[in-house]
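Data block below; observations after.
Each chain gets a letter, A, B and so on, in the order the sequences are listed, and its residues count up from 1. Below, all heavy atoms of this structure are taken into account, side chains as well, without hydrogens, waters or symmetry copies.
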2 protein chains.
Amino acid sequence: MSVPNTDVRSLVATALPMPVPVDEYDGCPVTGLLRLLSDKWSMLVLVLLGRQPYRFNELHRAIGGISQRMLTRTLRGLESAGLVLREVHPTVPPSVEYRLTPLGQSLLGPLSGLADWAVGNEAALAAGRRRAGAAESSGPR
Amino acid sequence: MSVPNTDVRSLVATALPMPVPVDEYDGCPVTGLLRLLSDKWSMLVLVLLGRQPYRFNELHRAIGGISQRMLTRTLRGLESAGLVLREVHPTVPPSVEYRLTPLGQSLLGPLSGLADWAVGNEAALAAGRRRAGAAESSGPR
DNA sequence: CTGAATCCAGAAGGATACTG
DNA sequence: CAGTATCCTTCTGGATTCAG
């Protein structure tokens, strides 16, 4: 297996072709995952489904501010990636349940790692922003 | 401190207000981080700077396909977050070096966690995509 | 060399109305 | 209930030009 362009694994050791050719990031699983999760709603949906299964409108109500259109698109994206399972009960009226697949559940761990870092370094991040703001107002670039 | 809206920490245990009010994700460090990193280039720049410091044009050459404008914007974003340090050497012609701050370096760990997951589950993700493709061509929604 | 400024195209996301 | 379809606005990013 050749080394993907933007492979982030083993950050210090892995060799990267230089210059890094960026063909829309094709072939890099890491970038693929990031692009899948980096929209406005996927993370939140993933987290909610990590707690319990939801029906469509349940989920719609549970998230303040998402449009029906975006909820559908988000769920389809996660489903296509194999992270979410869509279960249709052929009742009248129809009922559709969404839940995480085992693969989706296994993602919650690494995701928590990143979340923990963000929470743990919230103060440092804020301090960095303050320094940046101060430097900006005092001197030009 | 109140619980941020989309706090992902301790995914199963943490209470979330329901419905989750999404006021542009303000106040959630996790979402803030995700939004910072979820653009087209930040991750790659972070990884490259994790290996060694780079000068501006060095970085520009190292990444195939990034525009000068986007490289500048990406670096400014990471700098504002306190992840990247910008060091100006007042020479002629000017020389500017970029490197990770300690905070930036500490982010590489959790990031690797996510990257490892992506690499480790590449096959499963591909299989999920195949199943999704098969289901799509066989039956309507 | 290291940018900033301007202009432009495409993608992402929201509002609304309609359907099986 | 669980979506689709359509229209519209905003945001992102690329190309190009100019400047210290």
Test your reading of the model: is there a side-chain donor-acceptor pair from B:Ser106 to the backbone of B:Leu103, 3.5 Å cut-off? yes
Whole-Å distance separating the CG atom of A:Leu71 from the P atom of D:dA2: 10 Å
Are any side-chain N or O atoms of B:Asn57 and backbone N or O atoms of B:His60, one a donor and one an acceptor, separated by less than 3.5 Å? no
To the nearest angstrom, the NE2-P distance between B:His89 and C:dT2 comes to 10 Å
Nearest-angstrom distance from the residue atom CZ of B:Arg76 to P of D:dG13: 16 Å
Whole-Å distance, B:Ile63 CD1 to D:dG13 P, equals 13 Å
Where protein sits on nucleotides 6-20 of chain C, one letter per nucleotide: B base, S sugar-phosphate only, - none, heavy atoms under 4.0 Å: B------BBB-B--B
Nearest-Å distance for atom pair CG/C1', residues B:Leu75 and C:dC1: 14 Å
With A:Arg99 via salt bridge (charged side-chain N to carboxylate O under 4.0 Å, His left out) - residues at least two apart: A:Glu87, A:Glu97
Quick one: is B:Arg86 getting a side-chain N or O under 4.0 Å of the C:dT2 phosphate, OP1 or OP2? no
Once side chain to side chain donor-acceptor pair (under 3.5 Å) is applied, do any residues pair with B:Thr74, and if so which ones, sequence neighbours excluded? none
Of the listed C:dC1, C:dT2, D:dT4, the closest approach to the B:Phe56 side chain comes from C:dT2
For atom CG of B:Leu44 and atom C1' of D:dG13, their distance in whole Å: 15 Å
With each end axis built from five pairs of C1' atoms, what bend angle do you get for the helix from C:dC1-D:dG20 to C:dG20-D:dC1? Round to 10°. 40°
Quick one: do B:Val119 and B:Trp117 satisfy side chain to side chain contact (heavy atoms under 4.5 Å, CB included)? Show the steps, please. CA-CA 5 Å; B:Val119 173; B:Trp117 184 93; over 6 Å; no
Can you sort out the partners of A:Glu58 under side chain to side chain contact (heavy atoms under 4.5 Å, CB included), two or more places apart, ordered by chain and number? A:Tyr54, A:Arg55, A:Arg61
Write down the distance between OH (B:Tyr54) and P (C:dC1), rounded to a whole number of angstrom. 17 Å
For D:dC1, does OP1 or OP2 lie under 4.0 Å from any side-chain N or O of A:Tyr98? no
Among residues at least two apart in sequence or on other chains, which ones pass side chain to side chain donor-acceptor pair (under 3.5 Å) with B:Ser38? none
Let me check something: any side-chain donor-acceptor pairs from residues 66-73 of chain B under 3.5 Å, sequence neighbours excluded? List them with distances.
{"from": "B:Ser67", "atom 1": "OG", "to": "B:Met70", "atom 2": "N", "distance (Å)": "3.2"}
{"from": "B:Thr72", "atom 1": "OG1", "to": "B:Gln68", "atom 2": "O", "distance (Å)": "3.1"}

Partners passing side chain to side chain contact (heavy atoms under 4.5 Å, CB included) against A:Leu100 (at least two apart in sequence or in another chain): A:Leu46, A:Leu49, A:Val84, A:Gln105, A:Leu108
Interatomic distance where CD belongs to B:Glu97 and C1' belongs to C:dT2 [whole Å]: 14 Å
